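Only one structure is covered here, and it is reproduced in the block below.
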Amino acid sequence: MRSQKASPGARRRVVGEVLVHGLSHDGRGIARLQGKTLFVEGGLPGEQVSVLLTEDRRRYSSGRVIDVESASDERVPPPCRHFKVCGGCSLQYWSHEGQLQGKQSIVLDQLQRFSSLTPAEIAEPLASQPYGYRYRARLSILWKKGRLSLGFREKQSQQIVDIRECPVLAEPLQPLPEQLRVLLPELKQRESISHAELFLADSGRAVLLRHIRALPPADLNRLEAFAREQQLYLYLMGDEKHISCLYSPLDDPWLYYRIPELDLRFQFRPTDFTQVNWPINCQMVTQALDWLDLKPQDQVLDLFCGLGNFSLAMARKAASVIGVEGSAGAVERAAFNADLNGLTNSQFYQADLSALIKGDKSGEDWLHHNYDAMLLDPPRTGAIEIIEQMEGHIPERLLYISCNPATLARDAGALAQQGFELVRLGVMDMFPQTGHVESMALFKKS
């Protein structure tokens, strides 16, 4: 195992016979050492382990497992040969069922610890296949003395793991890293390319190449020939504002995904936010509709709506849906997707939902309506600002989609203070093998 550089305040030493008794919000084990909390990377509850200390602070210490003296029944051999150094999939040593139960425990613990809440009902997790689930991924590219490194960042490092395989990639994407490894050295301006992003959509496979200098015609011709041979979309991006499609196997240069159960199609750009796990996304949207139990007369507010992933699904069931999002491009795409699906009962607005909305003209058209239901799908920072600003105006049914148990717990506490009960909670297996925890929580006004 490659050594990990200790923090300046750490006493780099090995401690044996450490008993892991719980889990932190990011999936690390929790133990006690000399009266302080010890966070243990690679430790599972119930295990006796030896730990290399990597950080020693006044209130807590951190370290990683270097030997398992007494293993949990849930410990399994990591299948990826890059596991020990790659920072992408930190939980491969944990059985898939164990991960699901552990993530549920993390959410429940955070809710109880920080808001004293326990859901009235705990739903079965939405389970993914443990590998081959990732429909998009970003690969870093580094040239050093003419040698190409292509892969993901190392654990707690900016160094690149030169990967040869990635078992979490969806099967159609798995050959692409090796194909790019052959293609890129053929380019004249090869060292201008800094990243490659891989996509699998219902419209096909795609590669986005980010470059820091313009590519010469010879390189463009070679890249187009590669895309034509592989029948994939190839995009070039010189900066954050300019993206071009060098080759498309279809007439439409942009990608799309579907939610077949609802007969919905969503067009998107490679720079747009989309979920990496399409099957779980479909299950998540379907479950959201089931939990909200929308009626044909309902007026719905969807905050942090993105491309309309939930908005358009709810527009299939409700009288009207208003979606609000901070990204102007996403708002434009959401409106386009509504037209694409023949939905005339949805409207979309741009607003910074982490800022003060009251008194802002951008909020005048949607903030003061009366709604029957509301959906929140915030980033990791949560939705505390809009929850506090809408106090007294939040409808009686609220569905919260969370990607961070800590901010969910904080926001749930704020909702409880406004008279809401947490009636149902379930975790969603969006990112197997990682410490990311996604969950869905249904609140109702008591």
Side-chain angles (χ1 to χ4, degrees), residues 136 138 197 199 208 210 237 239-243 254-257 264 266-276 281 284-285 288 299-315 320-340 343 346-369 371 373-391 393-395 398-408 410-412 414-415 430 436 438-441:
R136 65 183 297 168
R138 179 173 177 174
E197 296 187 50
F199 303 85
L208 168 67
R210 294 176 181 252
M237 188 171 183
D239 58 51
E240 293 299 323
K241 294 182 179 179
H242 299 95
I243 180 172
W254 302 116
L255 303 169
Y256 66 84
Y257 70 90
L264 289 173
F266 297 81
Q267 187 193 85
F268 69 97
R269 309 288 194 269
T271 50
D272 291 334
F273 171 80
T274 56
Q275 297 291 356
V276 304
N281 182 63
M284 176 176 69
V285 172
Q299 315 281 323
V300 185
L301 177 63
D302 181 10
L303 299 184
F304 308 95
C305 69
L307 304 174
N309 189 52
F310 290 103
S311 304
L312 303 190
M314 294 189 293
S320 69
V321 176
I322 288 180
V324 186
E325 165 62 42
S327 164
V331 169
E332 179 183 341
R333 237 87 72 211
F336 176 89
N337 286 326
D339 291 339
L340 183 66
L343 292 166
S346 57
Q347 292 178 281
F348 297 93
Y349 298 90
Q350 181 187 5
D352 182 356
L353 296 172
S354 65
L356 184 66
I357 302 297
K358 289 181 178 179
D360 183 344
K361 291 183 179 179
S362 65
E364 290 180 358
D365 291 329
W366 59 268
L367 185 59
H368 304 297
H369 286 196
Y371 299 100
M374 176 170 152
L375 188 144
L376 286 173
D377 185 13
R380 291 185 58 80
T381 51
I384 190 66
E385 295 86 0
I386 194 66
I387 288 172
E388 290 178 344
Q389 289 185 67
M390 289 189 67
E391 183 172 3
H393 300 284
I394 298 176
L398 184 151
L399 192 69
Y400 191 122
I401 311 298
S402 167
C403 59
N404 184 346
T407 52
L408 169 63
R410 178 201 65 196
D411 294 352
L415 288 167
M430 189 69 74
H436 295 293
E438 305 263 332
S439 55
M440 181 181 294

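Keep in mind the model is a prediction, meaning the values are calculated, not measured.
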Exercise. If we only count heavy atoms from C-beta on, is the His436 to Met430 side-chain gap below 4.5 Å?
Worked result: no
Problem set entry | Glu438 CD to Met284 CE distance, which is reported to the nearest 0.5 Å | 7.0 Å
For this session: Please report the shortest heavy-atom distance between Asn281 and Gln275, naming the atom on each side.
Result: OD1-CG, 3.4 Å
Exercise. If you look at every heavy atom in Ser354 and Glu385, which pair is closest and at what distance?
Worked result: O-CG, 3.5 Å
Exercise. Once you round to the nearest 0.5 Å, how far does CD1 of Ile384 lie from CZ of Arg410?
Worked result: 5.0 Å
For this session: Nearest 0.5 Å please: distance from the CD atom of Glu325 over to the CG atom of Asp377.
Result: 9.0 Å
Exercise. With Thr381, which residues qualify under side chain to side chain donor-acceptor pair (under 3.5 Å), at least two apart?
Worked result: none
Exercise. Can you list the steps and then say if Asn309 with Phe268 is a side-chain contact (heavy atoms from CB on, under 4.5 Å)?
Worked result: CA-CA 11 Å; Asn309 189 52; Phe268 69 97; over 6 Å; no
For this session: Work out which heavy atom in His369 is nearest to a heavy atom in Ile322; give both atom names and the distance.
Result: ND1-CD1, 3.6 Å
Problem set entry | Side-chain heavy-atom pair Ser311, Ser346 within 4.5 angstrom cut-off | no
Exercise. Can you check whether Arg380's main-chain N or O pairs, donor with acceptor, with Thr407's side chain at less than 3.5 Å?
Worked result: yes
Problem set entry | Partner of Leu376 by side chain to side chain contact (heavy atoms under 4.5 Å, CB included), out of Asp302, Leu398, Leu415, Leu353 | Leu398
For this session: Check Gly382 against Phe304 and note the closest heavy-atom contact, atom names and distance.
Result: O-CZ, 4.3 Å
Exercise. Is a donor on one side and an acceptor on the other found under 3.5 Å between the side chain of Gln389 and the backbone of Ala355?
Worked result: yes
Exercise. Parallel, tilted or perpendicular: which fits the ring planes of Tyr257 and Phe266, with parallel below 30° and perpendicular above 60°?
Worked result: parallel
Exercise. So do the side chains of Thr274 and Phe199 get within less than 4.5 Å of each other, counting heavy atoms only?
Worked result: no
For this session: Would you indicate whether the side-chain heavy atoms of Phe348 and Phe336 approach each other to under 4.5 Å?
Result: no
For this session: Report the distance from atom CG of Leu264 to atom OH of Tyr256, rounding to the nearest 0.5 Å.
Result: 14.0 Å
Problem set entry | Separation between CH2 of Trp254 and CD1 of Ile243, rounded to the nearest 0.5 Å | 5.0 Å
For this session: For residues Pro395 and Leu301, determine if any side-chain heavy atom of one lies less than 4.5 Å from a side-chain heavy atom of the other.
Result: no
Exercise. Any side-chain heavy atom of Val300 sitting closer than 4.5 Å to one from Phe310?
Worked result: no
Exercise. Within the side chain of Asn337, is there an N or O that forms a donor-acceptor pair under 3.5 Å with the backbone of Gln267?
Worked result: yes
Exercise. Got a second to check how far Ser402's OG is from Met440's CE, nearest 0.5 Å?
Worked result: 11.0 Å
Exercise. Just by distance, do the side chain of Arg136 and the backbone of Pro270 share a donor-acceptor pair under 3.5 Å?
Worked result: yes
Exercise. What's the shortest heavy-atom distance between Cys403 and Pro379, and which atoms?
Worked result: SG-C, 3.8 Å
Exercise. For Val285 and Ala313, which heavy atoms make the closest approach, and how far apart are they?
Worked result: CG1-CB, 3.4 Å
Exercise. Does Met237 reach the side chain of Glu197, with side-chain heavy atoms less than 4.5 Å apart?
Worked result: no
